[in-house]
Amino acid sequence: MLSQIALSEIVYLSIATLLLILISFFTGYTIAKKQFKNLIGERQQVEASLQASQEQFHNLVKTSRNEIIALQESKKSLQQIIHTIADGLVIVDTYGGVLFVNPAAQSLFKLSETELIGYLLGVPHVIGEFTELCILQPTGNLITAEMRVEEIIWEKENAYLISLRDITERYRVKQALLESEKRLEGILSSIQDVVWSASAKTVQTLYMNLSAQKVYGRPASEFYRDRFLWFKTVHPEDKKMVREQHKLLLETGSMEMEYRIVRPDGEVRWLYHRSRLVCDDLGSAVRVDGIDTDITERKQAEEKLERNAFYDSLTDLPNRALFTDRLEHALKRNKRHPESVFAVLFLDLDGFKLINDSLGHLTGDRLLQSFANRLSECLRPSDTLARLGGDEFTILLEDIKDLKDAILVAQRILQTLTLPFNLNGQQVFTNTSIGIALSADNYQRSEEILRDADTAMYRAKAQGKGCYVLFDPKMYYLALSRLQLENDLRQAIARQELKVFYQPIASLETGKITEFEALIRWQHPEKGLISPAEFIPIAEETGLIVPIGQWILKEGCRQMKAWHEQFSPKIPWKIHINLSGKQLKGINLVEQIDKTLAETDLDASSLKLEITESLLIENVEVATNLFLELRERNIELCLDDFGTGYSSLSYLHRFPISAIKIDRSFIMQMNSQDETNEIVRAIVVLAHILGMNVIAEGIETEAQLEQLKKLNCEKGQGYYFSKPLKKEDAENLLKVQR
Ligand code: C2E
Ligand code: MG
Ligand code: MG
């Protein structure tokens with residue numbers, strides 16, 4: 001149209017131009033020329049605007065084509081996105097029918113696009129939030145998808161866009177995590193220890209397993225409710241330490257400690273506590289995780305062990321170790337302050353072994369406990385009473401004025417022992433020998449003063465028991481000489497220093513010798529004649545009694561055989577040999593006796609063995625068998641020192657004993673009118689009922705002899721008849737009798 005307009009204009013313009021030319025021709029060339037010029041200008045203007053609008057048009061066309069291309073491209077890439085997106089996209093209509101699915105959705109359902117389009121998926125309920133959808137694939141595989149629904153317009157209709165994301169793996173991991181959490185909880189609740197977690201800032205308990213009930217005696221819920229409860233349960237004496245340790249935890253990041261807690265019922269338990277500070281990525285403390293183990297049993301065992309190391313389990317008194325320790329302290333203090341005098345008392349129960357052996361160990365133990373109680377009643381709280389072992393006790397008296405104080409204590413102790421002990425309804429009297437040693441400059445070590453108190457105690461025993469003796473340096477030399485004696489005794493047999501003395505035993509009725517007791521003597525090269533009372537205990541302690549006993553058995557048998565031959569074999573003199581308990585152990589005594597009898601050619605019926613009650617009781621089993629074998633050989637058994645032990649005659653009757661020897665202590669006390677006579681009478685009567693003979697030991701006077709005769713005692717031995725004699729003197733006696 002524009003070109004049409006332009007053409008007609010050109011026609012007009014040409015006509016006008018022609019006219020103008022004519023006019024100019026006629027009216028003037030200048031005007032025409034001027035107008036023509038104007039016209040040309042206008043035409044140029046029109047032409048320029050025409051070109052501009054043409055360009056504009058071209059541009060317009062160009063841009064709209066680009067837009068369409070861009071739109072097409074963006075649609076294409078959108079489709080690409082929808083196709084390649086990992087999430088499944090499903091568009092359903094308002095009835096729940098599938099309108100569109102992307103490939104990801106197809107693979108989620110494991111169905112093709114054609115199978116899915118039109119499929120009734122259902123109307124979604126939750127819009128704009130994440131929910132979960134379980135999809136059962138045709139293969140039977142169940143998957144879990146996270147689902148989010150948005151309302152959209154799809155092809156001018158309301159629809160729902162459902163995006164689905166496969167979270168099966170995540171779900172599986174979550175499930176597994178839950179499972180393992182459950183398992184962990186199971187483990188935590190089955191272990192004995194309290195496992196807990198608390199906030200580092202508020203101390204609020206975040207977790208605590210079920211063991212809380214067992215250990216703390218209260219449910220974990222109480223700890224959740226009261227965040228300070230854990231500290232409230234701490235034993236008052238341990239609170240300070242726990243608080244300090246807790247501060248350290250914040251500094252060092254971990255702590256470990258043992259402390260006590262008090263349970264609601266008042267029971268105290270020991271805990272082994274370990275905890276650790278847990279920090280976040282920025283390094284600030286968020287949590288404290290910990291484990292508390294109940295170590296009460298272990299602690300008790302430890303305490304017991306510790307106690308056992310320093311205390312005697314029977315009496316609960318300090319033992320030797322603790323006593324020595326206290327003594328060392330006293331000694332050191334005495335060195336610094338010589339005015340702080342102290343004394344050590346060494347006590348040993350008299351005749352305890354016999355009580356133990358005859359009344360049983362249980363009674364013996366009870367006696368030791370009662371004895372310990374009585375001793376502590378005689379002491380101040382600051383004094384140390386200890387049991388060194390067996391029936392040995394020691395006392396440390398600190399801060400005393402002088403020796404008199406120690407003596408007073410010893411006297412008090414002896415005084416309390418005049419009353420009997422009541423042990424299970426049984427009245428038992430016991431006494432003690434006490435040795436006293438006083439602190440002095442020359443003591444360097446605790447053993448020295450203890451040794452001296454012990455030495456003094458031995459002196460007290462030797463002085464007749466039931467008394468106290470103060471240590472005197474002379475005693476130390478006595479103890480030394482005892483050691484010397486022991487060494488000498490080892491060589492006594494080889495050096496032929498041992499001798500046998502023979503003491504006759506006579507029939508009370510006829511006054512004639514019927515047997516001899518072989519009594520050993522030691523002819524010491526320097527000390528002269530030593531009594532067996534002095535060296536037999538040493539021989540027993542060192543075991544030397546075995547070779548000595550063997551020697552005297554042989555010597556006695558040999559001598560008796562010699563007398564039989566020398567005098568008349570018709571006179572049935574018998575030889576008494578004393579047996580020590582130690583001889584029953586380790587060696588075959590019967591074999592030895594057989595051998596000796598064979599060697600000496602003495603008739604077995606001429607041998608009588610003297611045994612004591614304690615020997616019997618200590619070796620019941622060995623003794624029973626031994627005695628039966630002896631009886632088979634016609635070797636008689638004689639019970640020595642009867643009345644000094646605790647056994648009753650009826651008990652002893654179980655053993656094949658043919659005679660009892662009433663101890664000298666009873667005979668010594670016999671008068672014309674005395675109740676001792678009654679005791680002896682009872683013994684004699686009972687022995688006769690049990691078919692035993694009676695020999696009275698230690699008859700020294702005619703009066704005693706007369707009394708015994710009246711009591712129908714068969715035989716006697718004592719200075720009244722004869723002292724133990726050398727073999728030559730005994731021989732002379734036999735000659736006289738003949
Ligand atoms: P025992 O077997 O009771 O011996 C009796 C002791 O009483 C002897 O003392 C004897 O000398 C003493 N005696 C006898 N009659 C009288 C008297 O009328 N008055 C006084 N005061 N004492 C009298 P001894 O010989 O000193 O023996 C003491 C103890 O040594 C013996 O007591 C015995 O237990 C033991 N013993 C002696 N020889 C041996 C031995 O060869 N082997 C063993 N194992 N022990 C022996
Ligand atoms: Mg004897
Ligand atoms: Mg005797």
Side-chain angles (χ1 to χ4, degrees), residues 354 462 464 489 492-493 497-506 508 513 515-523 528-560 574-585 587 589 592-593 596 607-616 618-619 636-645 657 659-670 694-705 708 715-727 729-730:
L354 210 56
L489 188 59
I493 304 176
E497 291 166 9
L498 297 181
K499 303 272 178 287
V500 189
F501 275 46
Y502 298 91
Q503 189 176 31
I505 296 170
L508 297 192
I513 298 169
E515 41 224 89
F516 281 96
E517 181 176 4
L519 293 162
I520 199 162
R521 297 290 179 267
W522 181 10
Q523 189 64 53
L529 208 62
I530 304 177
S531 131
E534 216 173 311
F535 71 86
I536 289 287
I538 301 175
E540 283 180 332
E541 264 172 49
T542 54
L544 284 169
I545 191 69
V546 176
I548 291 174
Q550 208 172 325
W551 176 81
I552 198 163
L553 173 72
K554 193 168 173 189
E555 202 49 37
C557 290
R558 203 193 47 72
Q559 187 56 61
M560 189 42 71
K574 295 187 178 186
I575 184 81
H576 285 230
I577 303 287
N578 290 288
L579 269 193
S580 150
K582 283 273 164 66
Q583 286 175 271
L584 265 60
K585 291 169 193 153
I587 49 154
L589 195 64
Q592 206 184 87
I593 292 170
T596 308
L607 177 62
K608 273 194 173 186
L609 295 174
E610 290 194 9
I611 49 161
T612 56
E613 285 170 65
S614 56
L615 174 145
L616 265 186
E618 276 170 47
N619 310 279
E636 281 183 56
L637 279 174
C638 196
L639 193 68
D640 205 352
D641 305 338
F642 183 77
T644 54
I657 294 162
I660 57 163
K661 293 179 84 173
I662 303 179
D663 192 67
R664 191 161 50 103
S665 55
F666 293 97
I667 311 302
M668 234 160 60
Q669 292 172 40
M670 281 182 87
V694 183
I695 304 171
E697 280 187 321
I699 304 174
E700 293 186 358
T701 64
E702 195 165 351
Q704 288 164 352
L705 175 68
L708 285 161
K715 292 170 194 168
Q717 173 184 5
Y719 296 170
Y720 175 77
F721 299 107
S722 164
K723 286 198 167 187
L725 305 167
K726 282 185 193 160
K727 87 173 182 204
D729 298 332

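Start at 1 and go down the list; that is how both ligands and their atoms are numbered. Since this is a predicted model, take the numbers as computed values, not measurements.
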Out of the N/O/S atoms in [X], what is the name of the one closest to the Mg ion (ligand 2)?
X      : value
Glu517 : OE2
Glu610 : OE1
Asp640 : OD2

Side chain or backbone, does [X] bring an N or O within less than 3.5 Å of an N or O on ligand 1?
X      : answer
Gln717 : no
Tyr719 : yes
Asp641 : yes

task = Would you check, one step at a time, whether the test side-chain contact (heavy atoms from CB on, under 4.5 Å) holds for Ile611 with Leu584?
result = CA-CA 11 Å; Ile611 49 161; Leu584 265 60; 5.9 Å; no
Heavy-atom closest pair, residues [X] and [Y]:
X      : Y      : value
Asp641 : Thr644 : O-OG1, 2.8 Å
Ile575 : Gly556 : CG1-O, 4.0 Å
Trp551 : Leu498 : CH2-O, 3.2 Å
Met668 : Gln704 : O-NE2, 3.6 Å

ask   = Is Lys582 reaching over with its side chain to a backbone N or O of Glu540, donor-acceptor style, under 3.5 angstrom?
value = yes
ask   = For atom 8 (C) of ligand 1, which of Leu519, Val500, Ile667 has the closest heavy atom?
value =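 That would be Leu519.
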inquiry  = Contact between ligand 1 and Glu517 is defined here as a heavy atom of the residue under 4.0 Å from a ligand atom; is it met?
reply    =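 Right, Glu517 reaches ligand 1.
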task = Look at ligand 1 and say whether Ile577 reaches it with a heavy atom at a distance under 4.0 Å.
result =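 For ligand 1, residue contact (heavy atoms, under 4.0 Å) with Ile577 is absent.
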task = Might you work through the side-chain contact (heavy atoms from CB on, under 4.5 Å) test for Thr701 and Met670, ending with a clear yes or no?
result = CA-CA 10 Å; Thr701 64; Met670 281 182 87; over 6 Å; no
query = Hey, is NZ on Lys608 packed in by over 12 heavy atoms from elsewhere, all under 6.0 Å?
reply =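 Buried by this count: over 12 neighbours within 6.0 Å.
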request  = Please lay out, stage by stage, how Val500 and Lys727 fare under the test side-chain contact (heavy atoms from CB on, under 4.5 Å).
outcome  = CA-CA 7 Å; Val500 189; Lys727 87 173 182 204; over 6 Å; no
I need the atoms of ligand 1 closer than 4.0 Å to a non-hydrogen atom of [X], numbered in the order shown.
X      : result
Ile552 : 41 (O)
Pro724 : 11 (O)
Gln503 : 10 (C), 14 (C), 15 (N)
Glu700 : 17 (C), 18 (O), 19 (N), 20 (C), 21 (N)
Gly698 : 15 (N), 16 (C), 17 (C), 18 (O)

inquiry  = Can you tell me how far apart CD1 (Ile667) and CG (Leu708) are? Round to the nearest 0.5 Å.
reply    = 4.5 Å
ask   = Under a 4.0 Å heavy-atom limit, does Ile548 contact ligand 1 with its side chain, its backbone, both, or neither?
value =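 The answer is neither.
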query = Side chain, backbone, both or neither: which part of Arg521 has a heavy atom under 4.0 Å from ligand 1?
reply = side chain
message = Taking N, O or S atoms only and a limit of 2.8 Å, check whether Glu697 reaches the Mg ion (ligand 2).
response = no
key: side chain to side chain donor-acceptor pair (under 3.5 Å) partner of His576, the single match among Gln717, Glu515, Gln503, Glu636   =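 For His576, the side chain to side chain donor-acceptor pair (under 3.5 Å) test succeeds with only one of Gln717, Glu515, Gln503, Glu636, which is Glu515.
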